[in-house]
Amino acid sequence: MRRKKIISRRQALVTGLSAMGAALMLPGCTKPLPPTYGSILRMGDNLTYVAHRALLQGQSLAREYRHADISSFPATGTTNPAAVNEEYARLLSNSFEDYKLEVGGKVSNPGSYSLPDLMKLMSRNQITKHTCEEGWTAIAEWTGVPLSTLLQHAGILPSARFIVFHSFDNWIDSIDLMDALHPQTIVAYGMNGKTLPVQHGAPVRLRLETQIGYKSIKYIKKIEASDTFVDYGEDPGWAWYTGI
Ligand SMILES: Nc1nc2c(c(=O)[nH]1)N[C@H]1C(S)=C(S)[C@@H](COP(=O)(O)O)O[C@H]1N2
Ligand SMILES: [Mo]
């Protein structure tokens with residue numbers, strides 16, 4: 001019974017916020033419900049997603065800082081996939097000279113990009129604050145190619161709805177197109193003016209400034225445009241949508 005009550009209260013909240021979203025959003029914008037809607041374990045997604053999509057319309061920029069604000073930066077989660085992944089160990093031993101980022105799925109021009117290939121595309125620098133769910137924050141400068149530029153280069157198809165990331169330490173996660181095409185969403189290969197260190201995700205990691213730290217997936221092996229949402233989350237404590 002208690003469960004039912006929680007559901008109906010959540011539904012009331014979502015309905016109210018969707019109405020607000022509908023009023024604020026232009027016709028043709030993304031549906032104001034997260035793809036995880038309906039999963040009781042991911043209830044947190046509903047409020048943050050609906051509120052963000054309604055109020056921010058996906059275009060507000062995260063604050064950018066000055067060089068003087070750059071802080072020390074802890075490394076968490078996996079800090080060297082070479083311990084569990086032979087392919088990564090081999091690529092690392094050669095300073096990632098043989099690394100190629102695969103970009104595929106719903107794109108007209110699937111391909112793979114070496115680090116020099118990525119560096120030839122447009123690059124963006126940003127000094128931003130990282131917020132980890134464990135309770136710490138840190139500021140660093142990141143350099144990389146905007147994910148939108150990369151997706152455009154690969155010829156993202158109109159049927160694409162989600163961008164899925166696969167990492168060398170076997171993380172799989174996805175973001176929607178609003179976040180993927182956000183101007184500060186970059187595939188980073190540099191940190192604080194240097195090559196991205198191993199503990200921070202070498203050779204390339206995502207910087208997703210609109211969401212909490214664990215969505216900025218490190219050690220990216222493959223990026224895939226998809227027309228369907230797959231909820232890869234195995235641990236229900238980690239919401240799919242964690243906008244900040
Ligand atoms: N592939 C992968 N990506 C990951 C993680 C990880 O363990 N593996 N940890 C996440 C978490 S919880 C955080 S806070 C940041 C940590 O980034 P940092 O190690 O550069 O501080 O990366 C995120 N991305
Ligand atoms: Mo984190």
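Atom set for the values below is all heavy atoms of this structure, side chains included, hydrogens, waters and symmetry mates excluded. Counting starts at 1 for both ligands and their atoms, following the listed order. Source: prediction; values computed, not measured.
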Polar contact flag, side-chain donor to acceptor under 3.5 angstrom, [X]-[Y]:
{"X": "Glu209", "Y": "Gln126", "answer": "yes"}
{"X": "Asn125", "Y": "Thr143", "answer": "yes"}
{"X": "Thr36", "Y": "Asp231", "answer": "no"}
{"X": "Tyr49", "Y": "Asp176", "answer": "yes"}

Any idea which atoms of ligand 1 are less than 4.0 Å away from a heavy-atom of [X]?
{"X": "Gly77", "value": "7 (O)"}
{"X": "Ile217", "value": "1 (N), 3 (N), 24 (N)"}
{"X": "His200", "value": "18 (P), 19 (O), 20 (O), 21 (O)"}
{"X": "Gln199", "value": "19 (O)"}
{"X": "Cys132", "value": "14 (S)"}
{"X": "Ser167", "value": "1 (N)"}

In terms of its nearest heavy atom to atom 2 (C) of ligand 1, the top option of Thr78, Thr79, Asp169 is Asp169
A student comparing Arg205, His130, Glu134, Lys221 should find that the heavy atom closest to atom 14 (S) of ligand 1 comes from His130
When distances are taken from atom 11 (C) of ligand 1, the protein heavy atom at minimum range is Tyr214 CA, 3.7 Å
When distances are taken from atom 13 (C) of ligand 1, the protein heavy atom at minimum range is Thr76 OG1, 3.6 Å
For [X], is at least one N or O under 3.5 Å away from an N or O on ligand 1?
{"X": "Ser216", "value": "yes"}
{"X": "Lys218", "value": "yes"}
{"X": "Glu133", "value": "no"}

Problem - Backbone N/O of Asn80 and side chain of Tyr88: donor-acceptor pair under 3.5 Å - result: no
Side chain, backbone, both or neither: which part of [X] has a heavy atom under 4.0 Å from ligand 1?
{"X": "Ala75", "answer": "both"}
{"X": "Pro74", "answer": "backbone"}
{"X": "Phe73", "answer": "side chain"}
{"X": "Trp171", "answer": "side chain"}

Query raised in the report: Side-chain contact, heavy-atom cut-off 4.5 Å: Asn94 with Tyr99?
Result: no
Glu64 meets the side-chain hydrogen bond (donor to acceptor under 3.5 Å, both in side chains) criterion, sequence neighbours left out, with Arg124, Gln184
Applying salt bridge (charged side-chain N to carboxylate O under 4.0 Å, His left out) to Arg63 and not counting sequence neighbours gives none
Query raised in the report: Any Lys/Arg nitrogen of Glu224 or Lys106 sitting under 4.0 Å from an Asp/Glu carboxylate oxygen of the other?
Result: no
Per side chain to side chain donor-acceptor pair (under 3.5 Å), Lys215 is matched among Thr242, Asp173, Thr210 by Asp173
Q.
Measuring from non-hydrogen atoms of Phe165 to any atom of ligand 1, is the shortest distance under 4.0 Å?
A. no
Practice item. Check step by step if ring-ring contact (aromatic ring centres under 6.0 Å, His included) holds for Tyr214 and Trp240. Key: CA-CA 10 Å; Tyr214 64 76; Trp240 174 76; over 10 Å; no
